[in-house]
Number of protein chains: 2
Amino acid sequence: MLLALHRATHHTLHALAARLATLDLAGSEVNTLANLADGRPRSVREPSADTGIRATTLTGVLDRLERRGYLVRELDPADRRSFRLTLTAPGRAVAGQVRRAVTDIERDALAGQSGRQLAGYRAVVAALQEVS
Amino acid sequence: MLLALHRATHHTLHALAARLATLDLAGSEVNTLANLADGRPRSVREPSADTGIRATTLTGVLDRLERRGYLVRELDPADRRSFRLTLTAPGRAVAGQVRRAVTDIERDALAGQSGRQLAGYRAVVAALQEVS
DNA sequence: TATTGTTATACTCTATAACTATA
DNA sequence: TATAGTTATAGAGTATAACAATA
């Protein structure tokens with residue numbers, strides 16, 4: 001049950017990478033862009049907490065995304081220890097593609113599933129996130 | 001929905017590592033031991049397909065597990081290109097601990113869930129493994 | 001003192017390709 | 001020719017600890 005979860009993650013990350021192959025993005029880059037896709041500026045800590053990517057890993061991810069012109073880091077005037085991460089126009093375009101690929105996969109996978117099954121899935125996944 | 005799956009994987013891998021901290025095993029080592037836990041000899045290809053770990057990664061994983069005395073590689077007399085991976089007695093003991101940690105986490109997570117919810121979870125996870 | 005984010009180090013995991021031994 | 005598994009290389013992800021700047 002737990003191992004099936006891990007296999008599904010492996011597999012869907014692969015499917016996602018294949019559908020986005022032309023963008024040439026690594027897993028965490030895809031994840032981070034999906035997280036920033038709505039365009040709202042965020043600190044580094046926020047996507048780190050949301051995705052489970054460590055801050056030390058995120059530094060490298062953000063370096064690459066910034067170098068490619070997908071986002072900018074600006075000092076937060078309200079707290080000058082932290083940044084405001086903002087997607088550029090090209091970054092928003094790429095993030096939009098990522099979001100669409102994610103929802104496409106979700107749609108494909110859920111085609112044959114009932115609402116009740118989906119609810120059960122959500123409940124168990126939520127419970128797994130609470131395990132300590 | 002898909003991102004929640006990935007978060008749950010991240011989180012449960014973490015919980016598993018924490019519960020097995022004294023064993024000092026990396027993620028793929030845990031995964032591989034869980035896969036071999038029943039004691040049946042296997043080729044390298046089999047756990048690779050079952051876990052999604054690449055054969056090139058598995059070589060290093062098996063090297064470490066062999067060096068620690070948890071398994072042996074023996075040439076398969078029936079097909080001398082391939083190995084038979086067999087757990088040693090210490091390897092079986094460690095694999096047993098891994099299995100117990102996995103089932104403990106599953107039990108904890110499913111404590112408040114109905115059979116119907118679990119069935120929905122299984123169905124959706126299976127569907128996600130079929131996405132291409 | 002605590003927090004944000006970066007840097008440094010060392011190790012694990014992945015992708016790709018080339019390689020050997022065997023089938 | 002094809003398959004099982006290893007090796008090599010380079011990049012990506014993690015853990016841990018130390019650090020500067022700010023709160």
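The chains referred to below are lettered A, B, ... by the order of the sequence lines, with proteins before strands, and numbering in each begins at 1. Hydrogens, waters and symmetry mates are skipped; everything else that's a heavy atom, side chains included, is used.
Closest non-hydrogen pair, B:Pro47 versus B:Leu85, comes out as CG-CD1, 4.2 Å. Closest of all the heavy-atom pairs between A:Leu16 and A:Ala101 is CD1-CB, 3.8 Å. Annotation for B:Glu74 and B:Thr86: closest pair OE1-OG1, 3.6 Å, computed over non-hydrogen atoms.
You can see that DNA chain C meets the heavy atoms of chain B within a 4.0 Å-exclusive cut from C:dT12 to C:dA23, reading 5' to 3'.
Checking side-chain atoms of A:Arg19 against main-chain N and O of A:Ala17 turns up no donor-acceptor pair under 3.5 Å. Remark: the backbone N or O of A:Asp50 is paired with a side-chain donor or acceptor of B:Arg7 at under 3.5 angstrom. Between the A:Gln117 side chain and the B:Ala123 main chain, no donor and acceptor come within less than 3.5 Å of each other. For the pair A:Arg80 (side chain) and A:Ala78 (backbone), a donor-acceptor distance under 3.5 Å is absent.
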Would you tabulate the nitrogen or oxygen pairs shorter than 3.5 Å linking the protein to nucleotides 18-23 of chain D?
residue : atom : partner : partner atom : Å
D:dA23  : OP1  : A:Arg80 : N            : 3.0

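Tested against B:His6 for a side-chain hydrogen bond (donor to acceptor under 3.5 Å, both in side chains), the candidates A:Asn31, A:Thr9, A:Thr12 yield a single pass: A:Thr12.
Going from atom OG1 of B:Thr51 over to atom CG of B:Leu58 covers 6.0 Å, rounded to the nearest 0.5 Å. Atoms OG and CZ, from B:Ser28 and B:Arg64 in turn, are 7.5 Å apart once rounded to the nearest 0.5 Å. How far CZ of A:Phe83 is from CG of A:Asp76: 10.5 Å, rounded to the nearest 0.5 Å. Here B:Met1 contributes atom CE and A:Leu110 contributes atom CG; the two are 5.0 Å apart, rounded to the nearest 0.5 Å. Note: A:Arg81 CZ to A:Arg45 CZ = 10.0 Å, rounded to the nearest 0.5 Å. Atom CG of residue B:Asp63 and atom CZ of residue B:Arg73 lie 4.5 Å apart, to the nearest 0.5 angstrom.
Paired regions of DNA chain C, where each region holds three or more successive Watson-Crick or G-U pairs whose two hydrogen-bonding distances fall under 3.5 Å, are C:1-23 with D:1-23.
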Side-chain donor-acceptor contacts of residues 92-99 of chain A below 3.5 Å, not counting sequence neighbours, with atom names and distances?
residue : atom : partner : partner atom : Å
A:Arg92 : NH1  : A:Leu87 : O            : 3.2
A:Arg99 : NH1  : A:Ala34 : O            : 3.1

| remark: Under a 4.0 Å heavy-atom criterion, the protein footprint on nucleotides 10-17 of chain D, written with B, S and -, is --SSBBBB

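Taking a 4.0 Å limit (strictly below) on heavy-atom distances, residues 41-51 of chain A reaches DNA chain C at A:Ser43, A:Val44, A:Arg45.
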